[in-house]
Structure formats: C-alpha cells, structure tokens
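Here the structure comes first, spelled out in structure tokens, and everything after it is commentary.
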Amino acid sequence: MSIRFFNTMTRSLQEFRPLEPGRVGLYTCGPTVYDYAHIGNFRTYVFEDLLRRHLRFRGYEVLQVMNITDVEDKIIRKTRMEGRPMSEVTAPYIEAFFQDLDCLNIQRAEHYPRATEHVDGMVELIRSLLAQGLAYRSEDGSIYFDISKFPEYGRLAHIQVEDLRSGARVAQDEYDKERAADFALWKAWDEGDGEVFWDRYPDLGKGRPGWHIECSAMSIRYLGNHFDIHTGGVDNIFPHHQNEIAQTEPCTGETFVNYWLHSEHLQVESQKMSKKLGNFFTLRDLLDPQANPSGRAWDPMAVRYLLLGTHYRSRLDFTFKGLQAAMETRQGLLDFLRRCRMQQGTESLDSEVAEEIEATRAAFVAAMDEDLNTPEALAALHALRREIHRRIDERTDLGRASGQAVVDLVLDLDRVLGLRLEEALEEPELLPEETAMIDERQAARKARDFARADRLRDELEARGIRLEDTPQGVTWKIDPSRR
RNA sequence: GGCGAUGUGGCCGAGUGGUCAGGCAAGGGUCUGCAAAACCCUCUACAGCGGUUCGAUUCCGCUCGUCGCCUCCA
C-alpha cells in the first residue's frame, strides 16, 4: 500500500517516505524563458503535475517549487539582439508559459521563484564555497566549483570524473577553468553580457550567477536544506543536478534531496526534436492548424492523454497518428461517462457494479503507486468501461445510482489524470433551432418519414452534431472543432 | 572512447518465469427503419542466435538495430 518511485540516485524502485509525515517538498526544474516551451518540455511538466496530483490524491500535502530561469546565455543573447532590458525580453515568455500550463491543466506550484530575484541567496552559497576552498577564481574573475574537492561528484549521474571527455562540446580554451568539468558559479561580466550584470557584490565582482546555483539557492529558500523530491528531464541528471548536489551539500552539511525523479525525452517521428528537421512543436503549434503539418487544431487534452499513455521513464515518440488515437480514446471515455449518466432505472446501487468500481479504483491506485504507471492505470479505466458498457447492453439499463457511481469514480480518478473530464461533460448548449430540428426529426421518424428524418440528421451532422438513437431516446455528441 | 537505456502483434504501448494488458486502426457478426454508439469474434506479439529451466517474451551471454548522456538541452 505504499508508493514507490524509481530513484535516479540508487537506480532502483524505493518506497517513498517523506521527511515529515503527510507532507512532501517537491522541487521541479522549470523553464528557461527565452522562447516558447515545446511539447518535450511539457512532457516533463505534465509528469511533474501527475506526480503532484497523485501525491495529493494519496493524502499528502505538497509544497512544490518551480524555478523560472530568467537570466541565462540565450536570454542574454536575445536581450542584446533586441536591445531591450532583459525583463522585457522574458516577460512575454513567462506569460505564455503560464497560459500553456493552464491549457494542459497543469496545476500551479506553490512558488515560481525567478532566478533574478534570488541572486542574494546564490551569492551566499558562493561565498560559503569560496570560504571552504571548494571554489576558485579564474583569471578573468569568474568563479568555478572545483569538483575535485567533492569526492561524491558523479554519484547521481553514475559517472567517473576521470571518464569525462573534456572538450566534447565546448572548446576548452574558451574557459579559464582548472579542469574542464569544473562548473561556473559566478560568471565575470564581459562585453557580450551588455547591460546584464550584478555589481553589488564587491567580493565577487561585476558579473552574473551561473546556471546551476539558482536551483540550490531557491530550493533552500523555499524547501529547506533537505527535502523530499527533485525532478527534471533526464538531460538534467548530468551535469545540472549533479552540480546542484555538489555545490549545496557542503554549504548545508546535509543531504540535499532524498528522491531524484527524471522523465525521459519525447521524440518526434523517432528523431530528436529540432528546428532544423521541422519537427519542433510548441503546444501553440498543435492548437493552431496553420502551424503544424497535420493542418488541424488539436485539443490540448488529447495532447495530455497522449503524454499519459506512455510511462514517464520511457521515451515517447510523438506522432500525429498517436495524437489522433489519444484524442479518440479520451473521447471514448467521455462517451462512456455520458452513457452512464443517462441510466435511469432503479435507485439502488447494484452490488456487482459497486464491486467493479472498487476493483477499478484499487487497480488504478496500485498502478499509480508503482512509480506512476499511467498506462496501466488507464488500462484499469478501460477495463471498467468495457465491462459497464457490456452490462448496459445486456440489461438496457444499469440504474441511475449505479451509473452515477461509475461517473463519480472516473471523475474522482481524473483528479489524478487531469483530463478535464468533468468540464468536458458539461455539454455545450444546442441552439433553439437545433433542438427544434431534433424534435422535428423525431416526429418524422414516428411518422416513418425516414427520408426527411435522415435529411435533418445530415444537416445536424454538418453543424458538428451527431445524433444517436438509443432505447432511452435520442442523444447527441458535439464535435467542437466543427461548430 | 566512457557510461547507460532500449528493441512487444498494422500503429502506439504496459507487463510477467507457466490463463488476459490496454488503446487506436482493420475485417466479420449482433443490435438498429437506416445510421451512430455499444457489445461479441478475428488479426493467435514479444529483434536474432545460443544458454539456464520441467517451462522464457520475462533470467544469463553473444550478435544486430535504435537511442540518450559525457559542461549550462525537459
């Protein structure tokens, strides 16, 4: 009955035990706001949202922090190119980021600290590292962490320091470091930085913080020296998270984080997303028929379903075919709920249905408890769907109470999945003329004037309203994209 | 070069040492005025080659394929 997570630190599934009973401190690496986030980024944010939702579903109080990196090389480059203050460059992307979170039904974290507002905290850490002799100043005035002073370096990433291939991606002579794997804590100002610098720390000199240090400073500030869970994409394991550990633990004298969770990357058509290949999609691209090759406006909840359809530690190959399937599957779930809601018969809850419901809940929770196994959790939901459909077909009616109980369960589980099922169930209203057309068709059918009835049905179909004749009467489904 | 993943039926995608994942698509059927929806059936999968085992898709080895990280990319 316990929750287990795959901890990158130990490379194994471990029972989750929070530092404080009933409470979870969660740090989730957030966006660098120099551009719109792409769907690969959102895979990670949806994973983190799912983690948060499941923990809350299981009764934990979650304190989540997500940083906003608003000072960084690419941002500075953009700032120089556009000749505007850095905050003006980042503001629209920060706003867009929150819009996209809402769009995907990602719950808000408790805090979204910005790097530029926590430089004091970072400086404090850097001073401590300097004082301990763990950091050094290079000739140009930049300050680097000396990884040779941290014996544990490489433990998270399972990397031997000697194996690091120096200069693999950056010409070593660009840096003034003692060894290639040392990382910047403070970058001395140079002309390329333009107006971006901090000069109120005389002991550090005019410059700006390195990237890794922000997460250490902000997590300490909001979550304390030692907290439960830290997450990010797999690419953050090394060097980012490894560096966070190295620079934080000597300052606090405590273990930094108990559980490291990392989500795998999303690929597009079996390849890494890149602007060059033209397979680079932002969420906005998927919602805009002009901006993606499918030429369709996709429902963000179809995107979310697609992301949930693959376990977070497996690579996910994004395809429009897959997105289509995800959309249809979620639609099938909604159709199922609508049908359940139409059940009218006896008031009492069928005991077998009650059993099915409990079994489904148990299977769903067990799957989620086991390292957030969403595919298996969804399978439990589909098993219920099939079973209940079958029962309704057999008896033509399940009973109002039983139907409602099924709906209640699924909506309850959607607190974890976040597929906006309840909202989607609030059917858009039909126009009075459309209601009249439906009534007219019913009259025509009664009079056995099927030609007329079918004509009316076609007209409604063209308006995005699909009619279905059932024993309980006529129902309809609305395709919002055709209205 | 170092470290590490992974290869499941038309597509996507869980999982397990010995009945079943699940979704989407396809074909057939039931139901229906016709549709739609739903249900039933079918498509009998686990890269290849060895090994361990009474038995392997599941464990081990090798081969092949794909992919990730190795300094600021979720």
Side-chain angles (χ1 to χ4, degrees), chain A residues 11 28-32 37-48 69 72-74 147 154 157-160 162-170 172 175 177 180-184 187 210-212 231-240 242-243 262-267 270-274 305-306 309-311 313-317 319 321-330 332-333 335-336 338-339 367 373-383 385-386 388-394 445 448-451 453-454 457-458 461 466-471 474-477:
Chain A
R11 308 272 154 142
T28 49
C29 275
T32 301
H38 56 67
I39 53 174
N41 300 125
F42 283 112
R43 182 185 191 195
T44 298
Y45 304 138
V46 166
F47 148 65
E48 288 157 351
T69 299
E72 183 263 355
D73 290 0
K74 285 188 286 288
I147 64 162
H158 291 226
I159 280 175
Q160 300 293 316
E162 310 81 70
D163 294 340
L164 288 174
R165 194 168 165 179
S166 62
R169 278 171 66 175
V170 173
Q172 206 176 334
Y175 289 89
K177 301 187 265 190
D182 289 347
F183 58 91
K187 294 182 168 185
W211 175 47
H212 313 291
T231 69
V234 285
D235 53 305
N236 280 158
I237 297 171
F238 191 88
H240 185 51
Q242 182 62 70
N243 291 351
H262 294 96
S263 61
E264 252 299 347
H265 278 182
L266 172 146
Q267 297 183 321
S270 300
Q271 287 180 301
K272 193 167 180 171
M273 246 192 309
S274 76
Y305 192 97
L306 178 70
T310 302
H311 184 84
R313 281 194 292 112
S314 297
R315 276 194 302 265
L316 185 157
D317 194 22
T319 62
K321 195 175 171 186
L323 186 53
Q324 171 73 21
M327 187 197 78
E328 280 167 16
T329 305
R330 174 172 173 272
L333 231 35
D335 293 343
F336 167 59
R338 291 201 185 93
R339 193 181 191 201
N373 192 335
T374 44
E376 206 167 294
L378 289 169
L381 226 46
H382 291 302
R385 173 172 74 145
R386 206 177 54 247
I388 297 297
H389 268 315
R390 208 175 52 72
R391 283 171 179 272
I392 296 174
D393 277 0
E394 267 175 14
R445 289 183 71 212
R448 304 194 69 79
D449 182 357
F450 294 120
D454 289 351
R457 182 170 61 196
D458 291 345
E461 176 81 35
R466 168 162 298 164
L467 297 187
E468 292 174 10
D469 301 318
T470 76
V474 64
T475 67
W476 54 88
K477 285 176 189 155

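Below, chain A is the first sequence line, B the second, and so on; all start at residue 1.
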Exercise. When you compare B:U8 with B:U66, how far apart are their C1' atoms, in angstrom units rounded to a whole number?
Worked result: 15 Å
Problem set entry | A:E394 and A:R390 ion-paired at < 4.0 Å | yes
Seminar exercise, completed: Here RNA chain B, pairs taken as Watson-Crick or G-U under 3.5 Å and shown with ( ), [ ] when crossing and | when to another strand, reads (((((((..(((.....[...))).(((((.......)))))....(((((..]....))))))))))))....
For nucleotides 7-11 of chain B, print each protein N/O atom paired with a nucleotide N/O atom at under 3.5 Å, atom names and distance only.
| residue | atom | partner | partner atom | Å |
| --- | --- | --- | --- | --- |
| B:C11 | O4' | A:K321 | NZ | 3.4 |

Exercise. Which is true for A:H240 with a 4.0 Å heavy-atom rule: it touches a base, it touches only sugar-phosphate, or it touches nothing?
Worked result: nothing
Exercise. Using a cut-off of 4.0 Å on non-hydrogen atoms, how would the nucleic acid contact of A:E394 be classed: base, sugar-phosphate, or nothing?
Worked result: nothing
Problem set entry | No-hydrogen, no-angle side-chain donor-acceptor test under 3.5 Å, A:T231 and A:E48 | yes
Exercise. Within the structure shown, what part of the strands sits under 4.0 Å from A:R445 by heavy-atom distance: base, sugar-phosphate, or nothing?
Worked result: base
Exercise. Which is true for A:A325 with a 4.0 Å heavy-atom rule: it touches a base, it touches only sugar-phosphate, or it touches nothing?
Worked result: sugar-phosphate
For this session: Take the angle between the ring planes of A:H212 and A:F183 and call it parallel below 30°, perpendicular above 60°, tilted in between.
Result: perpendicular
Exercise. If you measure from the P atom in B:U44 to the same atom in B:C62, how many Å do you get, rounded?
Worked result: 32 Å
Exercise. Looking at A:D335 and A:R466, does any basic side-chain N land under 4.0 Å from a carboxylate oxygen?
Worked result: no
Exercise. Base, sugar-phosphate alone, or nothing: which one does A:E328 contact when heavy atoms must sit under 4.0 Å apart?
Worked result: sugar-phosphate
For this session: Give one of base, sugar-phosphate or nothing for A:D454, where a contact means two heavy atoms less than 4.0 Å apart.
Result: base
Exercise. When all nucleic acid strands are considered with a 4.0 Å heavy-atom cut-off, which category describes A:N243: base, sugar-phosphate, or nothing?
Worked result: nothing
Exercise. Contact class for A:S314 vs. all strands (heavy atom < 4.0 Å): base, sugar-phosphate, or nothing?
Worked result: sugar-phosphate
Problem set entry | Base B:C73 to side chain A:K74, donor-acceptor N/O within 3.5 Å cut-off | no
For this session: Considering only atom P, compute the distance from B:C46 to B:G33 and round it to an integer number of Å.
Result: 45 Å
Exercise. Is any N or O donor-acceptor pair between the side chain of A:R457 and the base of B:A35 shorter than 3.5 Å?
Worked result: yes
For this session: Report which part of the nucleic acid A:R330 touches: base, sugar-phosphate, or nothing (heavy-atom distance under 4.0 Å, all strands).
Result: nothing
For this session: Could you tell me whether the phosphate oxygens of B:G22, OP1 or OP2, come under 4.0 Å of any side-chain nitrogen or oxygen in A:R386?
Result: yes
Exercise. With a 4.0 Å cut-off on heavy atoms, is A:L467 in touch with a base, just the backbone sugar-phosphate, or nothing at all?
Worked result: base
Problem set entry | Donor-acceptor pair (no angle test) under 3.5 Å: A:D469 side chain, B:C34 base | yes
For this session: Check every strand shown and say whether A:L306 touches a base, only sugar-phosphate, or nothing at a heavy-atom separation below 4.0 Å.
Result: nothing
Exercise. Which is true for A:R315 with a 4.0 Å heavy-atom rule: it touches a base, it touches only sugar-phosphate, or it touches nothing?
Worked result: base
Problem set entry | For A:D449, salt bridge (Lys or Arg N to Asp or Glu O under 4.0 Å) partners two or more places apart | none
Exercise. Are A:N236 and B:C73 close enough that a side-chain N or O sits under 4.0 Å from OP1 or OP2?
Worked result: no
Exercise. Among side-chain atoms of A:S263 and A:T44, is any donor-acceptor pair under 3.5 angstrom?
Worked result: yes
Problem set entry | C1' gap between B:C64 and B:C49, integer Å | 10 Å
Exercise. B:C67 and B:C12: how far apart are their P atoms, nearest whole angstrom?
Worked result: 15 Å
Exercise. Going by 5.5 Å between centroids and 30° between planes, is there a stack of A:H311 over B:G13?
Worked result: no
